[in-house]
Every structure is written in C-alpha cells, then in structure tokens.
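Below is one structure, written out as structure tokens, with a few remarks after it.
What you are looking at is a predicted structure, and each value in this text was computed from that prediction instead of being measured. Just so it is clear, the values below take in all heavy atoms, side chains as well, and ignore hydrogens, waters and symmetry mates.
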Amino acid sequence: MLNQLPPNTYYWRIASVDNFGLPGKFSNHFNFTIQLDTTLPFLEVSLVDELNFSKEKEFSINIHTEKMLN
C-alpha cells in the first residue's frame, strides 16, 4: 500500500475500540515521509583474480551495492 502513496509527509495515530464500537483515547501522532529517490543505484562488479583464458567454467567476482531501504 505504501508504494501507492505519492511523496509527502503522512501523520497517523491510533485508538482502541471497545466491544460497543466506541473509540478510546487517541495516541500521540506519529509521522513518516515518502520521498522519490531519483539517484541511480550503485553497483560495482570486479574480478577477484585476473581472468585468464582457460577451460575453467568457474571464476570469482566481488559485487558491491548500496543497501536497500525498507
């Protein structure tokens, strides 16, 4: 659902509801901000050792990337 909200600051608070459907006292408000990330993702791929031409089918690489934000 959050991926459908446009960039903005959103506020929320909660209250319990009793068996009769009546709300209790509301909590303090909380907020979160959705921002559009226009920065290109970082990705670096490099060989661990120099790649020599051979009949080997395996070789090692290092991969570095940015963390995903939740």
Side-chain angles (χ1 to χ4, degrees):
M1 179 178 151
L2 289 179
N3 62 352
Q4 298 173 358
L5 294 174
N8 206 340
T9 298
Y10 295 88
Y11 298 88
W12 61 277
R13 59 188 185 153
I14 60 173
S16 61
V17 177
D18 66 16
N19 291 337
F20 298 106
L22 300 172
K25 182 179 176 184
F26 276 93
S27 69
N28 293 332
H29 74 274
F30 300 91
N31 67 63
F32 64 94
T33 301
I34 297 178
Q35 297 176 334
L36 182 62
D37 183 2
T38 59
T39 306
L40 295 175
F42 170 78
L43 175 65
E44 177 186 343
V45 179
S46 59
L47 295 168
V48 171
D49 297 315
E50 186 177 323
L51 184 62
N52 297 317
F53 291 98
S54 70
K55 294 182 180 183
E56 295 295 320
K57 294 184 179 182
E58 294 182 11
F59 56 91
S60 297
I61 59 173
N62 285 328
I63 299 174
H64 301 279
T65 186
E66 65 184 332
K67 283 186 177 181
M68 292 286 294
L69 299 177
N70 294 335

Q. Which atom pair, heavy atoms only, marks the closest approach of His29 to Arg13?
A. CA-CB, 4.1 Å
Q: Return the minimal non-hydrogen interatomic distance between His64 and Phe42, and the atom names on each side.
A: O-CE2, 3.7 Å
Q.
Quick check on the hydrophobic clustering: are Leu5 and Phe30 connected, directly or via other members, by side-chain heavy-atom contacts under 4.5 Å?
A. yes
(Q) Nearest 0.5 angstrom please: Asn31 CG to Trp12 CH2, how far? (A) 10.0 Å
**Q.** Beyond-backbone contact of Gln35 with Pro7, side-chain heavy atoms, under 4.5 angstrom
**A.** no
(Q) Looking at every heavy atom in both Gly24 and Ala15, which two are closest together, and how far apart are they? (A) O-CB, 3.7 Å
Q. Heavy-atom distance under 4.5 Å between the side chains of Asn8 and Ile34, does that happen here?
A. no
